[in-house]
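Numbered from 1 within each chain, the chains take letters A, B, ... in sequence-line order.
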There are 2 protein chains.
Amino acid sequence: MPRKNLPLVSPPAPPAVEASVPLPPFEQGNHDKGRKTRGEGAIWRQIAAALRNPIQLGEWQPGARLPIELELAAHFRVNRHTVRRALADLARDGLIATTQGRGTFITTGEKVRYQLDGQDPISDAVWPGLTTLSSSLVRDRKVEAGLKMGALLGLPTIHGVHEIELRLTADDVPLALATIRLARDAFPRFLDVLRREGSLQKALASYGYDHFHPAKTTVAARQADDRECGLLKIKPPSLLTVVEAVANHVGPAGSVAPVFVLQTALCTTRVDLHVVHASPRP
Amino acid sequence: MPRKNLPLVSPPAPPAVEASVPLPPFEQGNHDKGRKTRGEGAIWRQIAAALRNPIQLGEWQPGARLPIELELAAHFRVNRHTVRRALADLARDGLIATTQGRGTFITTGEKVRYQLDGQDPISDAVWPGLTTLSSSLVRDRKVEAGLKMGALLGLPTIHGVHEIELRLTADDVPLALATIRLARDAFPRFLDVLRREGSLQKALASYGYDHFHPAKTTVAARQADDRECGLLKIKPPSLLTVVEAVANHVGPAGSVAPVFVLQTALCTTRVDLHVVHASPRP
DNA sequence: ACATATTTGTTCGTATGTATC
DNA sequence: GGATACATACGAACAAATATG
């Protein structure tokens, strides 16, 4: 049963490339006599650096398997914990991926492009070239707007909001989690409408909102929590790049009013964030 | 010798607030009999979650000190390693900061605003409201343009570029590292000129380049390496938000040509990144 | 389908190095 | 210099997920 190949992004599980990589030689600095830290810095940092080089130079094929931890420990003449510390460092940078029971593999560097174009925050153009993008509903909550959210949406202090989370996936590879928050008063039965219309854009249009413009866009980086890791099929500690935009509705007279807040948490190892600026002013 | 207070951003070394925080109660899930993992997930995750709550809710004062690791271990009835694993998780998120020999402290959440306004990538407006910003030269190298850099700058395959790195600091707190890369041919003795003029803007203007516009701006998140940690007075594993922009010079006839690449590595725990979009199209 | 081996994940214990007070 | 407290490293054991027969 051949698993289909993923054209755009690398799958969470690497393909069956099982060639083990040739390890770089390793001199343990000036090994005074026994062990412990030497002048060169911590041993696990030296090991991480020794492994980082051939990976970043592309000497090892993506999907290639590293020797098991005990072999690495024997090669570097250290305890298995020390190797694991170094591997954790590489995994944080997305250079390798470890799976319990399977092993440690070199990851690929291919990334999908996500674009902030300064226009409609939910238009399809934010994923240029990605034809297989699909979204699925993963959470739907009714919450009370906090101080911050109320201020962003221009709501009174106590106000109910929809909080709907979608997972964006291409070729079975999750790319991002998008959360939209909007006032329940203004969008009654929004979830039903969203299910019926099939896309945020159409659902909003059916309420009469058809032209948006982003304001107050912020970008932040943070770690994914356990829930997000499960949804995105990644493992902690993985990074997310979070783009939060307040969408103003643009009325016919040019009036603007905040309608919803869209928060997109991009899986950093799989997505590149691009900002497209307007043309220069004359 | 009273150390001066830092008005805008929190100092790397917390003030002398030594009130130890009251620890949350902790029930070890369903402790089968001895130890090892229980159904609730890894113990260090439970401890991290238990500590994360009061910090994120703001119940503990910024600068407050946590009990020492051995006390935490005794409180949670686990080994010191298990506590350290949980603390490392919080430190990655920037919630706490540990210093060898001193202790573990709650960090503050204040952040400085850095703004991508879609106009001149080196104008002072990208740090709105920050009056005490100063920059210092931390590195100057002459390198050969790689394939990627050559393509960005529109250079032939082999070409020398200046690579100049500045550290941006406000109130003795490092905020970011900015690296500018430009062709050596077009900017002879650039470093001397930069030193004489005192700012990138003035130095570039003295070569006749006075009006820029960003193109191909990308945003990425990654870990700071050891060198960057030293310059920014942070500790690994800390996150950087890297903004890379190609600056086009805008000529009198509206012609554009790439002149330099500016890469700004923002210290994620101290800086908020905002993207300002142009006005909506009519 | 099931048992077994392999491989990573977690925890405890112990010891020592090193920065800070 | 001494005490305190975090940083690093080793060893052992077991748990959990995966692969293999």
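- Atom CG of A:L87 and atom C1' of C:dT7 are 13 Å apart (whole Å).
- Looking at B:Q100, its side chain comes within 3.5 Å of the base of C:dG17 through a donor and an acceptor atom.
- Using a 4.0 Å cut-off between charged side-chain N and carboxylate O, A:E228 and A:K233 make no salt bridge.
- Distance from the side chain of B:T99 is smallest to C:dT20 among D:dC6, D:dT8, C:dT20.
- Rounded to an integer number of Å, the gap from CD1 of B:I68 to P of D:dA3 is 15 Å.
- Salt-bridge check for A:E69 with A:R84: passed, with a basic side-chain N closer than 4.0 Å to an acidic carboxylate O.
- A heavy-atom distance below 4.5 Å is not found between the side chains of B:L240 and B:Q223.
- Across the protein-nucleic acid pair, B:E69 atom CD and C:dT11 atom P stand 16 Å apart, rounded to whole Å.
- Counting to the nearest Å, the P atom of C:dT20 and the CZ atom of B:F105 are 12 Å from each other.
- Panel note: side chain B:N79, backbone B:H81; a donor-acceptor pair is recorded below 3.5 Å.
- Listed by chain and residue number, A:A48, A:Q56, A:D89, A:L90, A:D93, A:L95 satisfy the side-chain contact (heavy atoms from CB on, under 4.5 Å) test with A:R52 (two or more places apart in sequence, or in another chain).
- At whole-Å resolution of the value, CD in A:E71 and C1' in C:dT6 are 11 Å apart.
- Listed by chain and residue number, A:V138, A:R167 satisfy the side-chain contact (heavy atoms from CB on, under 4.5 Å) test with A:S136 (two or more places apart in sequence, or in another chain).
- Partner of B:R222 under the side chain to side chain contact (heavy atoms under 4.5 Å, CB included) criterion, chosen from B:V242, B:T241, B:T268: B:V242.
- For C:dG9, its base sits under 3.5 Å from the side chain of A:R80 at one donor and acceptor pair at least.
- Of the listed nucleotides (C:dT20, C:dT8, C:dT11), C:dT8 has the atom at the smallest distance from the side chain of A:R84.
- The 5' end of DNA chain D is approached more closely, in terms of each residue's nearest nucleotide, by A:R45 than by the other of A:G101 and A:R45.
- Computed from coordinates, the B:R77 CZ to C:dT11 P distance equals 16 Å when rounded to whole Å.
- Ranking C:dT7, C:dT8, D:dC6 by closeness to the A:T98 side chain, first place goes to C:dT8.
- Within the structure, a side-chain polar atom (N or O) of A:N79 is placed less than 4.0 Å from OP1 or OP2 of D:dG11.
- Among the nucleotides D:dT8, C:dT8, C:dC12, the one closest to the side chain of A:T104 is C:dT8.
- B:K235 has a side-chain polar atom (N or O) that falls below the 4.0 Å cut-off from OP1 or OP2 of D:dA7.
- Remark: the A:H81 side chain and the D:dA12 base include a donor-acceptor N/O pair separated by less than 3.5 Å.
- Residue A:R102 places no side-chain N or O under 4.0 Å from the OP1 or OP2 atom of C:dT7.
- In the set D:dA9, C:dT10, D:dA19, the nucleotide with an atom closest to the side chain of A:I43 is D:dA9.
- Atom CG in B:L70 sits about 14 Å away from atom C1' in D:dA3, given to the nearest Å.
- Axis orientation changes by 10° from one end of the helix from C:dC2-D:dG21 to C:dC21-D:dG2 to the other, with each end axis drawn from 5 pairs and the value rounded to 10°.
- Atom CG in A:L66 sits about 9 Å away from atom P in C:dT8, given to the nearest Å.
- For the pair A:V219 and A:E244, the minimum side-chain heavy-atom distance is 4.5 Å or more.
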